[in-house]
Amino acid sequence: MMRLLRIELQKVRPSRSFKILASMYLVALFVICVVVMPFLQYLKSRFEDFDMDGIDPTIIPFYEFPDIWQNITWVAIHLKLLLGFSLIFSVTNEFSYRTIRQNVIDGLSQKEFIISKIVMAGFLSLASAAFLFVLGMITGLIYTPDISLGLMFEDSYFILIFALQLFTFLVFTLFVGVLIKKSIIAMGVLIFWTMVVENIAWGRMTYLGYDWIGYVLPVKSINQLVHVPFPKYVFQEVQDYITLPELGAVLAFLALFYWATIRLVVKRDL
């Protein structure tokens, strides 16, 4: 597995598009952990300008332990398209420039070729989760007034859930890239499916009362594993835990796209 990861890292090292997209993603994760408090402070100053001194948005514990873990992971997972695009470029370029044939000639089987891409997806997911954990830990230490070891790690399992969400989505993007083989078209299909098809299907079916639709749409299933946490700050009940059916749906999609992606490559004529 480490051999396959080293091969992939060598491939993406000279790729400018991969570096740009990965850098944009890391910057976006960093912004999540620095932008909210200045925005709340700005809102507080605006309220004071309008003689509304009693309203203080900065008391919202967005960055405080343990709230920070669910807050930042819910926001971060919506940035996943940037990493998805980087993997689409990686796999579609292999088909466009016929380097997959050279890999096979050099001794890499078709199955090992695509597993190396999946291993890369796992590496990116774990690296992103580790980076977000470090950012969350630093930010939480800055903004939490009363810190204890138990409070710091309470609900930190959301970081592991984030890694699972991201990995499942990246395997899905690999499936799309392998299926279509053209980077721009694959990216367009991914955007259209994620932002249009699933939203329309989910909106229509939930309107009709079919709440189970969230379990059969892959991206919705991934997103809903961590529920939106912010309504609790206006005294609404939120789900701040992971349910087994939602976890099972994501694991099922992960297994499905893992199997389908490998099968597409192994059975396809190079």
Side-chain angles (χ1 to χ4, degrees), residues 1-33 76-135 162-194 254 257-258 260-270:
M1 186 174 293
M2 291 304 298
R3 178 178 70 92
L4 297 178
L5 178 59
R6 284 194 295 268
I7 291 173
E8 279 305 304
L9 290 174
Q10 289 175 359
K11 288 181 182 179
V12 302
R13 190 172 299 159
S15 173
R16 184 179 180 184
S17 59
F18 181 90
K19 290 178 181 177
I20 291 174
L21 288 167
S23 298
M24 290 172 60
Y25 178 74
L26 292 178
V27 169
L29 291 184
F30 176 78
V31 168
I32 291 172
C33 293
I77 197 58
H78 290 85
L79 304 171
K80 59 188 177 296
L81 275 174
L82 289 172
L83 274 190
F85 291 160
S86 68
L87 275 189
I88 282 180
F89 273 116
S90 174
V91 72
T92 55
N93 284 345
E94 300 272 14
F95 292 104
S96 298
Y97 298 111
R98 307 291 184 180
T99 52
I100 182 175
R101 291 184 178 181
Q102 188 60 48
N103 290 159
V104 174
I105 293 172
D106 291 341
L108 205 64
S109 70
Q110 290 173 249
K111 185 175 182 179
E112 285 180 318
F113 164 79
I114 193 58
I115 287 180
S116 70
K117 301 293 183 184
I118 295 173
V119 169
M120 184 64 174
F123 171 76
L124 291 174
S125 301
L126 290 175
S128 300
F131 183 66
L132 192 63
F133 175 78
V134 172
L135 289 176
F162 168 76
L164 173 63
Q165 288 177 292
L166 188 57
F167 180 53
T168 305
F169 180 77
L170 292 181
V171 175
F172 172 59
T173 63
L174 282 175
F175 170 74
V176 173
V178 168
L179 182 66
I180 297 175
K181 297 194 295 184
K182 300 293 183 182
S183 59
I184 300 301
I185 298 176
M187 289 168 61
V189 168
L190 186 63
I191 294 172
F192 184 72
W193 177 268
T194 302
L254 175 59
F257 290 123
Y258 176 88
T261 304
I262 292 178
R263 186 168 181 82
L264 271 177
V265 174
V266 170
K267 296 296 183 180
R268 180 170 284 168
D269 183 10
L270 300 182

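Just so we're clear, the structure is a prediction, and the values are computed from it rather than from any experiment.
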Worksheet item: Which heavy atom in Ser128 sits nearest to a heavy atom in Tyr25, and how many Å separate them?
Response: OG-CE2, 3.2 Å

Practice prompt. Grab the two heavy atoms, one from Phe131 and one from Leu26, that are nearest each other, plus how far apart they are.
Written response: CE2-O, 3.5 Å

Item to complete: State, yes or no, whether a side-chain contact exists between Ile262 and Ile115 at a heavy-atom distance under 4.5 Å.
Response: yes

Fill in: Phe162 versus Ala76, closest heavy-atom pair with distance
CE1-CB, 3.7 Å

Worksheet item: Taking all non-hydrogen atoms of both residues, which atom of Leu79 and which atom of Ala28 are closest, and how far apart?
Response: CD1-CB, 3.6 Å

Worksheet item: Roughly how far, to the nearest 0.5 Å, is the CG atom of Leu174 from the OG1 atom of Thr92?
Response: 10.5 Å

Worksheet item: Would a 4.5 Å heavy-atom cut-off, applied to side chains only, mark Ser15 and Phe89 as touching?
Response: no

Discussion item. Can a donor-acceptor pair be found, under 3.5 Å and without considering hydrogens, that links the side chain of Lys19 to the backbone of Arg13?
Written reply: yes

Practice prompt. Answer whether the closest heavy-atom distance between the side chains of Leu190 and Thr173 falls below 4.5 Å.
Written response: yes

Worksheet item: How about Val189 and Leu179: do any of their side-chain heavy atoms sit closer than 4.5 Å?
Response: no

Response to the item:
Hits for salt bridge (charged side-chain N to carboxylate O under 4.0 Å, His left out) against Arg3, two or more places apart or cross-chain, chain-then-number order -> Glu112

Worksheet entry | Heavy-atom pair of closest approach, residues Ala22 and Leu83 | CA-CD2, 4.5 Å

Response to the item:
By side-chain hydrogen bond (donor to acceptor under 3.5 Å, both in side chains), Thr194 pairs with (sequence neighbours left out) none

Practice prompt. Check whether any side-chain heavy atom of Glu8 lies under 4.5 Å from a side-chain heavy atom of Phe123, and answer yes or no.
Written response: no

Practice prompt. Would you please say whether a donor-acceptor pair under 3.5 Å links the side chains of Lys117 and Ser90?
Written response: yes

Item to complete: Look at the aromatic rings of Phe172 and Phe175 and report parallel, tilted or perpendicular, splitting at 30° and 60°.
Response: parallel

Fill in: Distance-minimising heavy-atom pair for Ile88 and Ala186
CG2-CB, 3.9 Å

